[in-house]
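Here is the structure we will look at, set down as C-alpha cells.
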Amino acid sequence: MSSQYERMWSELGLDLPAHDNLLKVLAQFYGDIYLSQQGRLRGAEYLDFVISEVHGLRIQELCKAKEEGKKIVGCFCVFVPEELVWAANAICVGLCAGAEIGQAEAERVLPRATCALIKSFMGFKLGRLCPFFESSDLVVGETTCDGKKKAYEILGEFCPVHVMEIPHMKEQWDRTMWKAEVLRFMRRLEVLTGVPITKDRLAAALRMINERRTVLKRLNSLRTAIPTPISGRDVLLVNQISFYDDPPRFTKKIGELCDELQQRVAQGKGIVPPETPRVMLSGCPMAVPNWKLPYVVESSGAVIVGEESCIGTRNIRDLVAEDGTTLDEMIDRIVDRYMKIDCACFTPNQERLEHIVQMCQELKVNGLIYYTLQFCHPYAIESYKVEKALERIGIPVLKIDTDYSMEDVRILKNRVEAFVEMIKG
Ligand code: BJ8
C-alpha cells in the first residue's frame, strides 16, 4: 500500500518512515489477532478491507471530498453530536488514539502519568502519524475528564480545536448549558463550512446516524444467542470502524453481515461451543487498534458478548427522536439524546450501574471484566460501585488496569485464565 499512497501521505505532511513502520506493525498485529480466527463470517471481509485501507482508500476519499470543498471534522468522544457535523455538509471522523505511538513526543508536553488514550492522540499529532488528524480542518475536544480538558489546550497549539463544555450532572441547569453548547458548536460548524444547518439537512443527518446505530443494535441483539455467532473481537472492530467509514456504506455492509449472522443463529451455529464462558467488558473505550485485552480474553477460553463502553453499547443505545418538526425541536431531541450518555465523568451516575446490570442479565454473562486505562480516575473510581452492583446479582468481576504496551500481556493472560476457570463453575 505504501508506494500507492506515498504522495498523498507526504502532501498531508506525515512522517513517512515512522508512518511506514506503524503500518507494518499494525498489519502484523491485525494478522495475529484477527486473521488467525477460525470460522469467521464472509462479511468480515469488509472489516479486513477497511482496516487494510484505513490510511489509504478512506483517506483518499477524504482528500477528494476536501478538493470538492468539504471540511473534515475530527473528534474523540461520543459526546460530540456528529449529526450536526454531517448536517453542515462536513465529514465526521474519529481520530487515532488507541496505540502506543509518539510516546516521546507526547511526554514532552504531557506528564508521564497521563492516560494512554490522551498520550496516544497527542503522540499521533506531534509525531505526524495519523492521516485523519492531518486531514482534519477542525478537531473537536470536550471537557469530559481533566486529562482531556487540559490536553486540548496544548493540542490547540498544533491544530484548530473547538472544545465543547460537557455537563457533569444531569439537572435542568446542566441541560440548559448543554443546549447552549450544542448551539455554539452548530454556529462554529456553519462558519467552518459556510453551510447553514437547516431543518431538512439536519433531518437527513439524524436519519443517517440513527440508521447506523440501528444496524449496530441489530448486531448486538444477534450476538445474545447461545452459542454466540460472532467473536467479541470482530464486534469491537465493527464498532471501531463505525467511527471512520462512510455511514451509509457502513450501515449497508453491517446489515449484510447481520443477515449472515441471522442464518448462523437460525442454524444454531456459534463461533465457539455453547458452554464457552460468556464475558462482558466494561470501562474505558478501546480505540482502534487497541485489541490487546479482547485478544487475551478470547485466547483464554472465554468469548466476549458485550462491551459496556463508548466503542460499544454506549454509543448506540439511544437514537435521536426523529419527531422534531422545527430546527429548534430537532436540536432539543439531540440535546436530550446526548444527555442520556452515562460516561463516568457524570456524578452521580446511577444509570450506568443500571445499564451494566441490565446488560449482564440480557447477555447472560458469566463474568464481567472491568477495564481501565492507568491514570483514568473516572472509570477506575467508578469500578467500586460497579463491583457492588454486580455482587448483588452474583456476577463475578475481574478488574484490569493497563495501558497500550504489550509488556503486561503475560500477566494479563494469567489473570484472565484464572478468572475464566473460576467462572466456568
Ligand atoms: S463519553 S468515556 S469517549 S470521555 S480513558 S481520556 S475518561 S482519563 S475516554 Fe471517553 Fe467521551 Fe466519556 Fe466516552 Fe479521560 Fe479516562 Fe483517559 Fe478517557
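Both counts, for ligands and for their atoms, begin at 1 and track the order of listing.
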For ligand 1, indicate whether the residue S309 contacts it via side chain, backbone, both or neither (heavy-atom separation under 4.0 Å). neither
Any G147 heavy atom less than 4.0 Å from ligand 1: no
Ligand 1 contact on I118 by region, counting heavy-atom pairs under 4.0 Å: side chain
Is a donor on one side and an acceptor on the other found under 3.5 Å between the side chain of N239 and the backbone of V235? yes
Tell me, do L216 and N220 make a side-chain contact under 4.5 Å, heavy atoms counted? no
Minimum-distance protein heavy atom relative to atom 13 (Fe) of ligand 1: C310 SG, 2.2 Å
How far does NZ of K119 sit from CG of L110, to the nearest 0.5 angstrom? 8.0 Å
Atoms in ligand 1 flagged as close to C284, the criterion being non-hydrogen separation under 4.0 Å: 5 (S)
N/O/S from C343 sitting under 2.8 Å away from atom 12 (Fe) of ligand 1: yes
Contacting atoms of ligand 1, where contact means under 4.0 angstrom from a heavy atom of T144: 4 (S)
Give me the nearest non-hydrogen protein atom to atom 15 (Fe) of ligand 1 as residue plus atom name, then the distance to 0.1 Å. C376 SG, 2.3 Å
Could you tell me whether the side chain of K364 and the main chain of T224 form a donor-acceptor pair under 3.5 Å? no
Region of C115 engaging ligand 1 - heavy atom pairs below 4.0 Å: side chain
Using a distance-only test with no angle check, is there a side-chain donor-acceptor pair under 3.5 angstrom linking Y338 and D318? no
For ligand 1, which atoms sit closer than 4.0 Å to a heavy atom of Y379? 2 (S)
Does the ring center of F243 lie less than 6.0 Å from the ring center of F250? no
Among protein heavy atoms, which sits nearest to atom 10 (Fe) of ligand 1, and what does the distance come to when rounded to 0.1 Å? K148 NZ, 3.7 Å
With a 4.0 Å cut-off, strictly under, does atom 17 (Fe) of ligand 1 pick up any protein heavy atom? no
Taking a cutoff of less than 4.0 Å between a non-hydrogen atom of the residue and any ligand atom, is C345 in contact with ligand 1? no
Can you confirm whether more than 12 heavy atoms, excluding those of K70, are under 6.0 Å from its NZ atom? yes
Ring centres under 6.0 Å, that's the criterion: do F79 and W178 meet it? yes
Kindly compute the distance separating CD1 (I341) from SG (C77), expressed to the nearest 0.5 Å. 6.5 Å
Can you name the atoms of ligand 1, numbered from 1 with element, that are less than 4.0 Å from a heavy atom of C145? 6 (S), 7 (S), 8 (S), 14 (Fe)
Name the orientation class of the two ring planes belonging to H55 and H19 (parallel below 30°, tilted from 30 to 60°, perpendicular beyond 60°). parallel
Is atom 13 (Fe) of ligand 1 under 2.8 Å from any N, O or S atom of C77? no
